[in-house]
Every structure is written in structure tokens, then in C-alpha cells.
Amino acid sequence: YFNVWRARSRWLENHFYAPMLYLEVAGHMWHFKYPLADGVTYEYVEKDEDGNVTLRETRDYISIATTRPETMLGDGAVAVHPSDERYAPIVGKLCEIPVGPKEHRRLIPIITDEYPDPDFGSGAVKITGAHDFNDYQVAKRGGIPMYRLMDTQGKMRADGAGYAQCAETAQDIAGGREASEAEVDALNLVPESYRGLDRFEARKRVVADITAEGLAVMTMSDDPRLGGKPKKTKGEEPAPMVEVPLVEAKPIMQPFGDRSKVVIEPMLTDQWFVDAEKIVGPALDSVRSGEVKIVPESGEKTYYHWLENIEPWCISRQLWWGHQIPVWYGPSREVVNGVETLNFEPGQLVHFVARNAEEARAKAAAHYGHEGTEKIIVLRSFDRDPPKNAEDGNLDPMSGAIAATQRAGYDPEGTIPIVQDPDVLDTWFSSGLWPIGTLGWPEDSDELARYFPTSVLVTGQDILFFWVARMIMMQLAVVDKIPFHEVYLHGLVRDAKGKKMSKSVGNVIDPLEIIDEYGADALRFASAAMAALGGVLKLDMQRIAGYRNFGTKLWNATRFAEMNAVYDHYDPAAGVPSDLSQTANAWIVGETARVREEVDAALAAYKFNDAALGLYAYVWGKVCDWYVEFAEPLLASEDTAVQAETRQTMGWVLDQCMILLHPFMPFITEELWATTAKRPNMIVHADWPSYGASDLINSAADKEMTWVITLIENIRSLRAQMHVPAGLKLPLLQLELDEAGQAAWDRNAALIMRLARVESLHLVDALPKGAVTLPCEGGVFGLPLSDAIDVDEEKERLSKSMGKLEKELGGLQGRLNNPKFVASAPDEVVEENRERAAQLQDEISKLSAAVDRLAELA
RNA sequence: GGGCGGUUAGCUCAGCGGUAGAGCACUACGUUGACAUCGUAGGGGUCACUGGUUCGAUCCCAGUACCGCCCACCA
């Protein structure tokens, strides 16, 4: 299904594969002199920004800055920037690596490349292609050989031929002789005195040796840490300046193994690659065409960016767990004059791709010209466990396996050994096949037919590239189908400080602890309420506590209804209250239908927060705050028809609360469902309601209840501001009221009086002394506060609310008076503004009338 | 270094062309028979900054600053 190849990669392993962690560490930058070959000298000129010469001297060396002296042994070149005039005279010349046995020092060319920064260090960079990411690029561009210096244990190589011989061969290759990657890799350019040393120990030795030889760049310093002498006593004598090697302190970002806590060593090794470019096209197309949709849309941006810039995908991993790569290596076979020789050199191996070892043996037998498979033996891949093969540090599976076999006392003589690649497949290469792999593929199973492709993949946004993109790519490559139609990327839960939770960092919050404290429903509801698209979820305990309270609220409302509601009158999913005589009942039915539509729309758009918060506002703000209150007088009504209607409606409304909330609070709703009535089903099996807002919203009831609620709120507000004791009932004065208002009052007088704590209504022609004005839509009421009223306070209250209204009106009028606004804005916006302005005018005039009355009193 | 996202009330976050919202916290009052894990009423915001587009910008565009995440050989 895939184009794969095995190639040298810069991918790097230390003891084992592990996630990397970049840490800033205090590094050192050494400066060394690379002597020029053949007695070449040049005029080294340094200038400041203005072009003034600050230094001019004749040099027979080029100065190099490095943080990794031990890798000098593997240098292939010294690079300078093409625009760097300082080194222009010596570009193309050779210089000598100042380390190793004097008689066998290698000469390397001075080349130009865009990579070196002329303003950094000396402006000249040593190029060690096999042990540095950036150097690798330069080496690749310039055809510079890459010499590997270390083994898998992070030690300087101890394998292969002696240094002198290797250095000579390297010199030949550098001089232009053709050589394979394997041949270059086989060269061990580590001098005998450093062989087998740990890389950090080798670094110390290299620095010491170069410095001892006088090839370190020197500087003057009084810093005792750098070799200067400590000051004697304070002040008397300045510390003496002495010549010391130039070593700059330099913070460097260094990759550490997340588990091993060891500095990761970039190193060339052989790896398997998948030609990602080949399989990425269809994956890009499927998203571009909309066949696969990613929400939120920003995920698509990220997806494109990644896939458009994709590189060959390295699928080899050096760890124990995973699917071992199904490739077996064997020696190459040559027959010269009828004599068969087998070549076990790492670069000369052949490989067999097979489903299992038996198949590999068969393929190998055929390859080597044997009829049976008896002579082909499968060696055990060498063990990766560091303590067991510490002496190897070997990158070559074949010789490692042979060595291990021999250690175990077996003699492979007379057989042809083959050995499976010890690496395993990248986790994501394996799990990329999850959509079909879990359903029985490659069998043509019923499950595949039924569940593949699936509808929605829900996952974290951080995994988009790792997994989601790979699944799309791989399913298209393998079965030529998209794996799912939509991808919903949710945010990540972070800790209170906004950090990603991590087991190794230890800032993980255990959901079970939250559940113990607040309940599973509260946690679940909070998760939904905080799941804004593309957002980040900082776990906020107070908010979870708030949603626990919400559950309690629902519980209490149901408890109230227990005595009053009738649950079995309407079918909770299909039945809908109709022909309601009471406005309050008709109103709450409409509100319910409205929230159901909102919730459906929100869920369809993956806006779980809108759905959860909409339900919260409905259940708490509409049902509990108002409907339950409205229902009380209706339930106490002597009219049994009103009573029955209200009981039935309340039962229906609470059923709807439970059903709609069930996805968000499954436990409490299931419990309430079971305890409120005898039900044929658990709520989890209840049908989701389908009634629409347009069918159920009674706009007259809607308008009337809005009027009632506003009036009650205004009376309450006024009472609070005028410091009327909460328990005190007041008479209400009606100064003027239009027909609609009157009708609304008549139908809801009991509710209003109860909820606003009004004891009676009196029609008056004028508000008496000591009454405060209470405008409402279509009329003016007043509250007599007798001597309690403070005229100044009331004046202040009126002018304050007038001020607010006038400010808003000013803005509106400014807009309406702007001809460009009227011309450019949509008609409905202009109309809305006009209506609002008129409304404000009306309220302001009512308030100013009240101010006038107040003035008369004074 | 590259990419993505964020910066809105004291805190945690919604909103994203028509002048700003929630929960918590805060203030005052309250044991009115569902609920003090509660009720009622309130205070609180030059929507990071600077420009631009527009009749109009928290919202769109450009830039700046800071923060976070992912990737870091690829970017």
C-alpha cells in the first residue's frame, strides 16, 4: 500500500526512543584554531559597524567556535557565509582539524554556505554532518562526508579499523574518491586514545589536548573561574589579568530524553521511511472538498499546513513495544567461479519483506537458491536492553544478532542466518489503521460494512496531526475510503494555571476526586459548559460547584412538583400541551420549545457550551425562577380545570427538563425520572422530543408574560431601592393603563400581587404625595410609600435612570440623524433603532412627569 | 526558529459588525411552605495597544506587546 525505503536518517536515539524535552542549559562555547594547510597565510581584517578597521593581523589559521568539541573528530568541512569578507581569501583552501595524532590529522576544506551567521562566534562553523541537525543540512548541500563518531550508548566508537587507516581512507574520500554511505559509516575516525570514552569525558579530553597544544584561542581575563588569579583583598590591587582560553558561557536549548533525562545525541542511523508525499494528496483533497469536515475550522488550517509541508515519514522506532517491522535481513550472496561467498557487511545486506518468519525463510531460501528452508535460520533480533548488550552499541542488526548468538554458544556456521529488523513501527503508523483494524480488516467483515466509514471522530486538537491526519491518509491509501465524515476537535483540559496536564509533570487532577466532591453530573455538565469550540478548558472548581448547585436546584424543583405535577397526562416525547387557558402555562410551553430548538441547533454545531448554558438558563431562569412561582397560585385555584391544566403542564415541563438535561446530567435525571412516575423506559431510552418552536410559541402569551415579569421586576427593584422591608406588602396605584395592559393585569393579577408583594390595586387620577412613579409598557403605576419616601433620594433615582436612558437615546438619535446611516444600514436595523428611540422617548417623558410631580410636592 | 490560538467585569470564560453577557466572587436585604448548595435587588468593563476599512468595530484587516499550545531534521 505504501512506498517505503530504508535510508540514513539524522534521527537520533540515545538509550531508547523517548519524547524529547527541550531545556535551556548553561553551555560553553570554545574557540579553537584550525591551522591552514600548506603554509597558507592571509590578512585577517575585522571592522566595526561603520566600516572602521578594528583588527588587522596575519593569520595562519581559521578560528572556530563550537559547543561540541568532541565532534570535531568527525568534521567534514569548515563553513563561512559567502558574504563574509574576512574569510574570502581562504575559501576553498584546506585546514587541519587540531585534534588526534599529529601525523594523521585530517585536512578539511573551507566552504561557503548560507547557514553560518557572520555576526555570531567567529563567523566560521565546523560541519559535522552526522551529529548535528543544522550541520547535516549543510553537509547534504555541499556533499560533505558525514562521519559517525559514537555508538548507541553515547560512547566514542571503538569498532572498526584503527584510526590511522580510517583517517587515510577518509582523506581519500574527501579528495573525491567515490564511497557508499555504508563505507563512510564504517570509518571510525576516533583516535585510539578517545575510543570507548563517554561523549562528555571525550569532550573534556579534546578540550584539554587542544589547549595543551596551544591551539585554543586565548583572551585576557581576571576571572578566577577561567584561570585568572583570585583577588587578594578588597579594593587594594586590581586582580591581575592573565591569558586564558576563550570560553564563552552560552545558554543553549538542548533536547533531553523525557524519560532517560539524557542529552539526546543526533546521530545517523538507518531507518524505514514512508513516502508521505505520495499518500498525502488524497488526504488533502478529502478535506478541501468537504468530504471530511474538521470543526473548528482552524483545525483545517493546521491540517493543510502540515500536510502541504510533509516530509518522508520515518516509521522506524527503537523501542520494545509495538509492531516489529516485518523485514528480515540476510547476507548478500556472491558466486565467483562457482564459489559462493556471503557478505555480512552492514552495507551489503539484502532484505526480505514477509508476513512472518516462515514466509521470510521461504523467500530467503528462494533468494539463496535453496530448495528447502533448512539452511535458513532466523536469529533473534538483538536485545535492546542496554545492560545486556552494552558492549555492542551496535547499529547493525545482523552483526549484533550474530554476536549475541555466538555469546549464547551457538555456531551459525553452515547456515544462512536471517534476522528481523529489531525496530518497531511508529505508534501512529500502527494506530493510523485503527478505523479498519478494529473492525476486522483485512477480512471483509460485517462490522466493516456496517461501521466504516464512521460519522464523527471526537478527539483532542493536539492529536490532529499525529493521529487524525494519519488515519485519513492511511485509510485512503489502504482501502481508498475516508475513515470518517467529520472530526470534532475538543479543547484540552488544563490545570488551574493553564498548563497541560501531564503524568510526568504531576499536575494531573484525578476526575474521581472531583466526582467524589461534586458528583459526576456536575463534572460532566461543567465539561460541556466549558467546551467552547477551539477553546482551552482551565478546570475551575468553583464553576463545577456551581453546576452541582444546578443539579440541586433541579432536584428541589422536582420535589415541589412532586405534590402537584401530573406526569402521565402527556407522552413525554410526543405529547404536547395544547388549548391551554392559562397564559403562564402557554408561555412555559413556548419557552420549552424554544430551548429545545436552541439545544438541537447547538449540538448539531458541536457547541456543547451553548447547549448546556441554554438549558441552564431555561431550567433555572425560566422554569424555577418564574414558572414554579406562577404555578403556585394556579395550583391553589378553586377552578379545578385550571388546577388540572397546570398540574399536567408542570408534569410535562419537568419531563422536558429531565429529557433535555439527560445527556448533560445523566445520573440525576435518571433518578428523578424513576422516582417521579411509573415509566415504561429508563430516561436513557426516552425519545428525544421533536416539537418545534414555531408550533408551540404563543406570541400573545409570550408578550403578556414578558410584560408581567417586567412589571414584577420593576416593582421589586423599586422596593429595594426605596428600602421597603422585604416582608411588607404595599398597595399599588394605577394611574393609567391601556387596554392590553389592563387585560394582562386582569389575567395575572394574582401572580403579580403575590410575587411583587402587592396587597391591593387602586385606580387613581393622580399620584398622591409620597408615591413613587413606576412606568411600564402601556401605562404608569405608582407605589405609595407615604412618609417613608425621601424626596431627594427619589429625585436622584429618577434622574439617574433618566440619565441612562438619555445617553442611549443620544446615541440612537445621532445615528438616525446621520443620513449615511439611514442610507447604508439595513432597513430592519434602522427600523429597530427608530422603535427603540420612540420607546426611550416614552419612558423619559414618563420619568420627567414624575420629576415634575416631585417638584410640586417640594 | 515555524505554525496555531489567546488577551472581554476581581476570577474562570462566552459573544464576534448595530454600542457587552454568564457562573463564581463582591454589596445590601431576606427563615414568603421546592430550594440558604437558596431568594430578591445591586455595584463592577476606554472588550491589551496602535493604525486602517465601514454610516457604525469588542467583532473585519495590518502592525505591536504579552501569554499559551503544538512542532522543532521538516515549519
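Hydrogens, waters and symmetry mates play no part in the numbers below; they use all other heavy atoms, side chains included. A, B, ... follow the sequence lines: proteins, then strands. Residue 1 opens every chain.
Base engagement by A:P826 is indicated by at least one non-hydrogen atom pair under 4.0 Å involving a base atom. Residue-level contact check: A:R815 touches the bases, meaning some heavy atom is under 4.0 Å from a base atom. Nucleic acid contact class of A:R757 (heavy atoms, under 4.0 Å, all strands): base. Residue A:R559 is in sugar-phosphate contact alone, with no base atom involved, counting any heavy-atom pair closer than 4.0 Å across all strands shown. Within 4.0 Å (heavy atoms only), A:Y304 reaches no atom of the nucleic acid at all.
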Any protein N or O atoms within reach of nucleotides 21-25 of chain B? Criterion: under 3.5 Å, listing atom names and distances.
residue, atom, partner, partner atom, Å
B:C24, O2', A:Q542, OE1, 3.1
B:C24, O2', A:Q542, NE2, 3.4

Nucleotides 40-42 of chain B: which of its N/O atoms have a protein N/O under 3.5 Å away?
residue, atom, partner, partner atom, Å
B:A41, O3', A:S717, OG, 3.3
B:G42, OP1, A:S717, OG, 2.8

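RNA chain B is contacted by both A:T552 and A:E629; A:E629 maps to the nucleotide lying nearer its 5′ end (nearest heavy atom per residue). Between A:T302 and A:F550, it is A:T302 whose nearest contact on RNA chain B lies nearer the 5' terminus.
For B:G5, the OP1/OP2 oxygens have a side-chain nitrogen or oxygen of A:K301 closer than 4.0 Å. The phosphate of B:G39 has OP1 or OP2 within less than 4.0 Å of a side-chain N or O from A:K553.
Between the CG atom of A:L812 and the C1' atom of B:G56 there is a distance of 12 Å, given to the nearest Å. Atom pair A:E808:CD and B:A20:C1' shows a separation of 12 Å (rounding to whole Å applied). In this structure, the CG atom of A:L634 is 16 Å from the C1' atom of B:A34, given to the nearest Å. Nucleotide B:C71 holds its P atom 18 Å from the OH atom of A:Y303, rounded to whole Å. One atom, CG of A:L635, and another, C1' of B:G33, lie 13 Å apart when rounded to the nearest Å. For A:L489 and B:C69, the CG to C1' distance is 14 Å, given to the nearest whole Å. The distance from atom CZ of A:R719 to atom C1' of B:G30 is 11 Å, rounded to the nearest whole Å. Rounded to an integer number of Å, the gap from CE of A:M658 to P of B:A34 is 17 Å.
Comparing B:U46 with B:G21, their P atoms are spaced 15 Å from each other, to the whole Å. Atom name C1', nucleotides B:U19 and B:G23: the rounded distance is 24 Å, in whole Å. To the nearest whole angstrom, the two P atoms, one in B:U50 and one in B:C26, are 34 Å apart. When the C1' atom is used for both B:A62 and B:A28, the distance is 48 Å, rounded to whole Å. Annotation: B:A57 and B:A41 have their P atoms spaced 34 Å apart (nearest Å). B:U7 sits 8 Å from B:A14 when the P atoms are compared, rounded to a whole Å. Remark: the separation of the P atoms in B:U37 and B:G18 is 40 Å, to the nearest Å. B:U54 and B:G1 have their P atoms separated by 36 Å, with the value rounded to a whole Å.
Taken from CG in A:L774 to CG in A:L711, the straight-line distance is 6.0 Å, to the nearest 0.5 Å. The line from CD1 of A:I315 to CZ of A:F273 is 9.5 Å long, rounded to the nearest 0.5 Å. Interatomic distance, CH2 of A:W428 versus CD1 of A:I463, reported as 4.0 Å (0.5 Å rounding). Interatomic distance, CG of A:L840 versus CG of A:L809, reported as 5.5 Å (0.5 Å rounding).
Checked against B:A34, B:G18, B:A14, the side chain of A:V829 finds its nearest nucleotide in B:G18. Comparing B:C29, B:C55, B:G3 by their nearest atom to the side chain of A:H305 picks out B:G3. Of all nucleotides listed (B:C55, B:C70, B:C35), B:C70 comes nearest to the side chain of A:W306.
Shortest non-hydrogen contact noted between A:M650 and A:A565 is CG-CB, 3.8 Å. Of all heavy-atom pairs spanning A:S316 and A:D423, the tightest one is CB-OD2, 3.6 Å. Between A:Y518 and A:A545, the shortest heavy-atom contact is CE2-CB, 3.5 Å.
By the 30° and 60° cut-offs, the orientation of the rings of A:W620 relative to A:F550 is parallel.
Nucleotide B:U32: unpaired (no Watson-Crick or G-U wobble partner with both distances less than 3.5 Å). Nucleotide B:U27 forms a pair with B:A41, judged by Watson-Crick or G-U wobble geometry with both contacts under 3.5 Å. Look at B:U12: its Watson-Crick or wobble partner, with both distances under 3.5 angstrom, is B:A22. In this structure, B:U53 forms no base pair with any nucleotide, since neither Watson-Crick nor G-U wobble geometry is met with both distances under 3.5 Å. Base pairing annotation: B:C66 forms a Watson-Crick or G-U wobble pair with B:G6, both donor-acceptor distances under 3.5 Å. Using N1 to N3 plus N6-O4 or O6-N4 for Watson-Crick, or N1-O2 and O6-N3 for G-U wobble, each under 3.5 Å, B:C59 pairs with nothing.
In this structure, a donor-acceptor pair under 3.5 Å is present between the side chains of A:N585 and A:Y627.
The aromatic ring centres of A:F664 and A:F608 sit 6.0 Å or more apart.
For the pair A:R288 and A:E308, the salt-bridge criterion is met [side-chain N within less than 4.0 Å of a carboxylate O].
Note that A:R470 lies in the cation-pi zone of A:F465, set by a 6.0 Å cut-off to the ring centre and a 45° limit from the axis.
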